[in-house]
Amino acid sequence: GHVFTPYLGVKGGKGVATALGVITAIATWQAIYAVGMWGVLVAFTRYVSLGSIGAMLTIPLTYVLKYGDESFHARFGIFAFLTVCTAVVVWRHRENIRRLLTGRERKIGTETPAARA
């Protein structure tokens, strides 16, 4: 509903906060690691979008690292859900990724083009 809301013509946000809220209930430690990764990436790069993408990618990775033993098979459904959430959020950031690759993504603390005019 937050990413593909019918009230906005199936156009919504990027779903980072909503996904993090749901993931916090399902995999609390992975959400904590993700917030930490977000903070580190934003502090060093000043790109919120890169922090959001990195944080989401951290979630399934840390889940596998924590449950990568025999109990992982019993928890595969949760891993699959976390991976789908991550994929949707990263996919919704595709324009930000393009801007990051071309050096046009805005950093925290920089002026918008409209503010310069």
Side-chain angles (χ1 to χ4, degrees):
H2 292 278
V3 176
F4 305 109
T5 179
Y7 304 111
L8 297 174
V10 196
K11 295 178 184 176
K14 298 197 190 294
V16 178
T18 305
L20 186 62
V22 171
I23 290 166
T24 300
I26 296 171
T28 305
W29 283 107
Q30 284 66 36
I32 292 169
Y33 297 142
V35 170
M37 177 60 78
W38 181 89
V40 167
L41 286 172
V42 172
F44 282 104
T45 68
R46 296 183 17 217
Y47 289 117
V48 173
S49 59
L50 184 61
S52 299
I53 294 166
M56 289 304 296
L57 292 172
T58 299
I59 292 167
L61 175 65
T62 56
Y63 195 82
V64 167
L65 292 174
K66 182 173 182 175
Y67 300 109
D69 57 358
E70 296 168 10
S71 68
F72 178 74
H73 296 292
R75 300 172 182 267
F76 184 75
I78 295 172
F79 171 74
F81 177 77
L82 297 175
T83 303
V84 168
C85 286
T86 296
V88 168
V89 170
V90 171
W91 181 75
R92 292 294 292 178
H93 278 84
R94 63 193 181 279
E95 288 299 321
N96 299 86
I97 293 168
R98 285 187 191 110
R99 287 193 300 267
L100 283 164
L101 293 173
T102 60
R104 294 181 297 122
E105 183 74 348
R106 197 168 64 90
K107 292 183 176 187
I108 291 178
T110 59
E111 291 183 357
T112 62
R116 289 184 214 141

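These numbers were taken from a predicted model, which means no experiment stands behind them.
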Are V16 and H93 close enough, and set up right, to give a side chain to side chain contact (heavy atoms under 4.5 Å, CB included), and what steps lead you there?
-> CA-CA 10 Å; V16 178; H93 278 84; 3.5 Å; yes
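Every side-chain contact (heavy atoms from CB on, under 4.5 Å) that V40 has, sequence neighbours left out, goes to F44. Scanning for side-chain contact (heavy atoms from CB on, under 4.5 Å) contacts around V64 gives F72, F79, with sequence neighbours left out. With sequence neighbours excluded, no residue satisfies side chain to side chain donor-acceptor pair (under 3.5 Å) with R75. Not a single side chain to side chain donor-acceptor pair (under 3.5 Å) links R94 to another residue, sequence neighbours left out.
Among residue pairs with one or both ends in residues 32-50, those qualifying as side chain to side chain donor-acceptor pair (under 3.5 Å) are S49-E105; sequence neighbours excluded. Listed by first and then second residue, the side chain to side chain donor-acceptor pair (under 3.5 Å) pairs that reach into residues 19-29 come to none, sequence neighbours excluded.
Clustering of Ile, Leu, Val, Met, Phe, Trp and Tyr by side-chain heavy atoms under 4.5 Å joins I53 with L57, V90, I97, L101. Hydrophobic cluster membership of L41, counting Ile, Leu, Val, Met, Phe, Trp and Tyr whose side-chain heavy atoms lie under 4.5 Å apart directly or via other members: M37.
Of the possible polar contacts, none joining the T110 side chain to the R106 backbone as a donor-acceptor pair under 3.5 Å is found.
The two residues L20 and A31 come nearest to each other via the heavy atoms CD1-CB, 3.8 Å. Of all heavy-atom pairs between A19 and M56, the closest is CB-CE, 4.0 Å. Contact detail for P60 and T83: the closest heavy-atom pair is CB-OG1, 3.8 Å. Scanning all heavy atoms of the two residues, the minimum distance from R92 to N96 falls at O-OD1, 4.5 Å. For the residue pair I59 and Q30, the shortest heavy atom distance occurs at O-CG, 3.6 Å.
The NZ atom of K107 sits 10.5 Å away from atom CG of L50, with the distance rounded to the nearest 0.5 Å.
Tested against Y63, the residues L82, I23, I26 include a single side chain to side chain contact (heavy atoms under 4.5 Å, CB included) partner, L82.
Contact of the I78 side chain with the Y67 side chain is not registered, since no non-hydrogen atoms from C-beta on lie closer than 4.5 Å.
Residue L65 is not grouped with residue V35 when hydrophobic side chains (ILVMFWY) are merged at heavy-atom distances under 4.5 angstrom, including chains of intermediate members.
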